[in-house]
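Structure first, then comments.
Only this structure's heavy atoms are used, side chains among them; waters, hydrogens and symmetry mates stay out. What you are looking at is a predicted structure, and each value in this text was computed from that prediction instead of being measured.
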Amino acid sequence: MTEPMPCPCGSGNPYADCCEPLISGAQAAASPEALMRSRYTAFATHQVAYLEQTLHPTQRSDYDAPGTAKWAGDSSWEGLKILNVSGDPETDSSGKVEFRAHYRRKGERIEHHELAEFRKTNGVWYFYDGKMVTPGQVRRDAPKVGRNDPCPCGSGKKYKKCCGQA
């Protein structure tokens, strides 16, 4: 007896019990997280028609199916990590999912970190929009060292003549 294929979304469940019913249309996504997982799986399994179907109807005018198919097909999908989910799928009509998707393209490992917005219309969850998450602004804990200040390494030299040399 063979082991069932694990779902690419990383849930730990078999594909047949996890994302396949959503992608096949047999079942609707019960939450933004479930829809996010199924959309990742659709990328990983190159089922781009599902990506368009689960895109909010108001957002479909500029959807590029051939470009999406090429990008998904040229990529090797390595994993999805859900970082945060907000909104109650039972009572709210919108929700957000922050995630990191890892894939390889042309040999380069890429991390896609996004905050995705989902909206429920007529009882159906759709992907509405996504924004890339970028590293936050770096803040100094220590005061800035000037060129003529004593070097913080303790050498007794000016910073420009010690650790500040280029």
Side-chain angles (χ1 to χ4, degrees), residues 2-141:
T2 62
E3 286 287 318
M5 181 179 116
C7 193
C9 80
S11 67
N13 297 318
Y15 174 64
D17 298 332
C18 190
C19 291
E20 184 178 41
L22 279 65
I23 293 171
S24 72
Q27 184 180 326
S31 68
E33 181 179 355
L35 185 57
M36 180 63 245
R37 288 183 177 281
S38 67
R39 286 178 57 85
Y40 171 84
T41 298
F43 276 110
T45 57
H46 312 147
Q47 298 183 60
V48 295
Y50 180 74
L51 297 169
E52 186 171 11
Q53 293 164 3
T54 57
L55 185 60
H56 195 275
T58 62
Q59 303 296 88
R60 293 181 187 167
S61 64
D62 63 349
Y63 179 72
D64 178 11
T68 302
K70 179 163 180 28
W71 180 65
D74 289 348
S75 301
S76 173
W77 298 88
E78 298 182 338
L80 173 69
K81 182 169 182 167
I82 303 294
L83 302 173
N84 190 32
V85 177
S86 63
D88 181 345
E90 297 296 321
T91 59
D92 294 340
S93 60
S94 66
K96 293 184 178 181
V97 177
E98 182 180 356
F99 68 93
R100 284 191 173 120
H102 294 96
Y103 63 97
R104 286 191 186 275
R105 185 152 191 216
K106 298 180 182 175
E108 178 185 358
R109 187 167 196 266
I110 300 168
E111 178 183 85
H112 179 89
H113 187 182
E114 182 178 311
L115 181 59
E117 181 183 351
F118 296 85
R119 293 191 182 170
K120 189 192 284 187
T121 303
N122 298 324
V124 178
W125 283 106
Y126 294 97
F127 170 73
Y128 185 78
D129 195 13
K131 298 199 179 351
M132 297 296 293
V133 177
T134 57
Q137 182 177 0
V138 176
R139 297 190 184 265
R140 271 183 222 276
D141 291 334

Do Leu22 and Leu35 have side-chain heavy atoms sitting under 4.5 Å apart? no
Within the 4.5 Å heavy-atom criterion, are Tyr63 and Leu51 side-chain neighbours or not? yes
Is the terminal nitrogen or CZ of Arg119 (NZ for Lys, CZ for Arg) located under 6.0 angstrom from the six-membered ring centre of Tyr126 and within 45° of that ring's axis? no
Quick check: closest heavy atoms across Trp125 and Pro89, and the distance to 0.1 Å? CZ2-CA, 3.7 Å
Nearest 0.5 Å, what's the CD-CZ distance between Gln53 and Arg60? 7.5 Å
Indicate yes or no: at least one non-hydrogen side-chain atom of Thr121 is less than 4.5 angstrom from one of Pro57. no
Between the CD atom in Glu90 and the CG atom in Asp92, the distance rounded to the nearest 0.5 Å is 10.0 Å
Counting only heavy atoms from other residues, nucleotides and ligands, does the tally under 6.0 Å from NZ of Lys120 exceed 12? yes
Charged N to carboxylate O below 4.0 Å: is that the case for Glu117 and Lys96? no
Interatomic spacing from OG in Ser24 to CD in Gln47 - rounded to 0.5 Å: 9.0 Å
Spacing of CZ belonging to Arg37 relative to SG belonging to Cys9, to within rounding of 0.5 Å: 4.5 Å
Heavy-atom nearest pair, Tyr40 first then Pro8, reads CE2-O, 3.2 Å
Are any of the side-chain heavy atoms of His113 and Leu83 separated by less than 4.5 Å? yes
Any side-chain heavy atom of His112 sitting closer than 4.5 Å to one from Phe99? yes
Taking side chain as C-beta onward, heavy atoms only, is Trp77 less than 4.5 Å from Thr41? no
Sequence neighbours excluded, which residues qualify as side chain to side chain contact (heavy atoms under 4.5 Å, CB included) partners of Ile110? Tyr103, Arg105, Glu108
If you take the centroid of each ring, where Trp contributes its six-membered ring, are Phe118 and Phe127 closer together than 6.0 Å? yes
Is there a side-chain contact between Pro4 and Tyr15 (heavy atoms, below 4.5 Å)? no
Between Asp74 and Lys70, which heavy-atom pair has the shortest distance, and what is it? OD2-NZ, 2.7 Å
Please determine whether a side-chain nitrogen of the Lys or Arg among Arg104 and Glu78 lies less than 4.0 Å from a carboxylate oxygen of the Asp or Glu. yes
Point-to-point distance, once rounded to the nearest 0.5 Å, from CG of Asn13 to SG of Cys18: 5.0 Å
To the nearest 0.5 angstrom, please state how far the CE atom of Met36 sits from the CD atom of Glu33. 10.0 Å
